[in-house]
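Input: a single structure, listed below in structure tokens.
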Protein chains: 2
Amino acid sequence: MTGQTRLSWTDVRDEIQARILDRTYAPGDKLPRDNDLALGLGCARTTVHRAMQDLARIGLVERKRKGGTHVRADPVTRATFDIPITRREVEQRGSTYDYRLISSAVEPMPESVLLRFGSSEPGEALHVKAVHLSDSKPYIFEDRWIDITTTPDILQVDLAGSSANEWLVRNKPYSKLDVRFFAVNAKGENAEHLSVAAGEALLVIERTTWIGSAPITTVRSVTAPGYQLSAQN
Amino acid sequence: MTGQTRLSWTDVRDEIQARILDRTYAPGDKLPRDNDLALGLGCARTTVHRAMQDLARIGLVERKRKGGTHVRADPVTRATFDIPITRREVEQRGSTYDYRLISSAVEPMPESVLLRFGSSEPGEALHVKAVHLSDSKPYIFEDRWIDITTTPDILQVDLAGSSANEWLVRNKPYSKLDVRFFAVNAKGENAEHLSVAAGEALLVIERTTWIGSAPITTVRSVTAPGYQLSAQN
DNA sequence: GAGTGGTCTAGACCACAAT
DNA sequence: TTGTGGTCTAGACCACTCA
């Protein structure tokens, strides 16, 4: 009696991944059919299927009906990151969080915002500017637009006490998200609100969310010097 | 006869997500047990389970044995991005790709590299500097270290003809990845190799990969001005 | 101890794509 | 037409965690 335990789908995934890593199945190769792998490993096809799903999700293999499963020849580097609520991010580091509303007003959306929303219908939106502080030092300057058609409730919210993001995140789940990163030189209000010298390199995180195809909000978060974003697989 | 088709797990996922979006289940609420949802929707529990897995994956709900499923009160913004091989990235935009090796030599790893590898054992590694060009203009300057213990083959590779990344990606799958983004001001060799004025804000992507706990490579890619990285959910 | 999610299995049928 | 992945189902049992 060998006290064999049953294979879980993560075991199967790890086993197949190991075979890819040691080049039993090399990049570009075709893997055996799920059924055959299941037979070889001594588990149900469903289990192999679940494992393959995960390998496909992380971009290591590619599956096609009838075509079978192939090890990707040009694997992409794929990673996932979380953007936490700024308050939590700061507090989890043990720092003191603070927040200052700079301005909040309903204004016509400029072209750049319509572009980000991918919408061609001009209209008005709530334009909010605010600064997040960590240990009393400027941490993130955010310039946000909130669509008042999809999110009229935002007009009743007191944005002086807590950030629009906190309210949105708790009250307005989105169904689609787009995030962009890039670097800018500090200048004008960015430099001013972050209290940095003009010219400093700053990381910008631009996020836009929709519910269905209707825009909710778009925000440009300009981070203080030294800010890093990290991601893992 | 109402010609009912069967529910797929994506249907179930979308239905539950819709209920969360319309606040039938509000943030913090406990959802019914998988079994009850299955009964209500008229499908197998497995199907509900698969749907829930996906909602948990994107961070919309949290599941605990015995504790049940809850709508996350503080959903995190979670997104996935792909970092393609630079050659493909450039060519897919219809631009001409070019690559220039600057230097390649085995050197002792500096402290900063050991830190990134999370390893305390000093040693030597292949240090490679190169520039990727798009339409003959500098696009990315990369400063890379490759562990010659885990990847001795790299020493036989002709790095003048194509980038180390292309070889690595095809020949050295990794099991663990860490990525960081930040902004720096152009300076010294960064400015020189990217042909930009000192002070320009540049986006840096720092990637480190391991196989098991053994380091493979770490690379700092300094991108040309205007470079953007994007991600979706 | 008991409730809830996590997983496995075996079989069935569907859907897409290559032949 | 046919082969392969995609999914559903029903039932069973496991494993975590709360009371």
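A note on names: the letters A, B, ... follow the listed sequences, proteins ahead of strands, and every chain is numbered from 1. Every value quoted in this text rests on a predicted model; they were computed, and no experiment measured them.
Residue A:Asp11 contributes atom CG, which lies 11 Å from atom P of C:dT7 at whole-angstrom precision. Note: CG (B:Leu41) to C1' (D:dT9) measures 15 Å, nearest angstrom. Rounded to an integer number of Å, the gap from A:Asp34 CG to D:dG6 P is 7 Å. Atom CZ in A:Arg63 sits roughly 6 Å away from atom C1' in D:dG5 (whole-Å rounding). Atom C1' of nucleotide C:dT19 and atom NZ of A:Lys64 are separated by 14 Å, given to the nearest angstrom. At whole-Å resolution of the value, CZ in B:Arg57 and P in C:dG6 are 15 Å apart. Separating the CG atom of A:Leu37 from the P atom of D:dT4 is a distance of 12 Å, rounded to the nearest angstrom. Atom CD in A:Glu62 sits roughly 12 Å away from atom P in D:dG6 (whole-Å rounding).
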Listed pairs, N/O of protein and of nucleotides 12-14 of chain C, under 3.5 Å:
{"from": "C:dA12", "atom 1": "N6", "to": "A:Arg45", "atom 2": "NH2", "distance (Å)": "3.3"}

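Shown here is B:Arg23, whose CZ atom has more than 12 heavy atoms of other residues, nucleotides or ligands within 6.0 Å. Counting non-hydrogen atoms of neighbouring residues, nucleotides and ligands closer than 6.0 angstrom, the CZ atom of A:Arg100 reaches no more than 12 such neighbours.
Checking side-chain atoms of A:Asp135 against main-chain N and O of A:Thr96 turns up a donor-acceptor pair under 3.5 Å.
Residues A:Arg72 and A:Gly59 approach most closely at CD-O, 2.7 Å, considering heavy atoms. Minimum heavy-atom separation, B:Ala79 to A:Leu177: CB-CD2, 3.9 Å.
Nearest to the side chain of B:Ala44, among C:dA17, D:dT9, D:dG5, sits D:dT9.
The side chain of B:Lys66 places no N or O atom within less than 4.0 Å of a non-bridging phosphate oxygen (OP1 or OP2) of D:dA15. Contact annotation: B:Thr69 side-chain N/O to C:dG5 OP1/OP2 distance is under 4.0 Å.
Of all the residues in residues 23-31 of chain A, not one reaches under 4.0 Å from DNA chain D with any non-hydrogen atom. Residues of residues 46-56 of chain B that place a heavy atom closer than 4.0 Å to DNA chain C, in numerical order, are B:His49, B:Gln53.
Using cut-offs of 30° and 60° on the angle between ring planes, the pair A:Phe181 and B:Phe81 is perpendicular.
Within the structure, every pair that satisfies the salt bridge (Lys or Arg N to Asp or Glu O under 4.0 Å) test and touches residues 142-153 of chain B, not counting sequence neighbours, is listed here: B:Glu142-B:Arg144. Counting only residues at least two apart or in different chains, salt bridge (Lys or Arg N to Asp or Glu O under 4.0 Å) contacts with residues 46-60 of chain B comprise B:Arg13-B:Asp54, B:Asp54-B:Arg57.
Considering only residues two or more places apart in sequence or on other chains, A:Arg220 meets the salt bridge (Lys or Arg N to Asp or Glu O under 4.0 Å) condition with none of them.
Between the side chains of B:Thr217 and B:Thr209, not a single donor N or O lies within less than 3.5 Å of an accepting N or O. Side-chain polar atoms of A:Arg116 and A:Thr208 form no donor-acceptor pair below 3.5 angstrom.
Residue B:Tyr139 is tested with B:Tyr97, B:Tyr227, B:Tyr99 for a ring-ring contact (aromatic ring centres under 6.0 Å, His included); the sole match is B:Tyr227.
At a threshold of 4.0 angstrom between heavy atoms, the contacts of B:Gly67 with the nucleic acid are absent.
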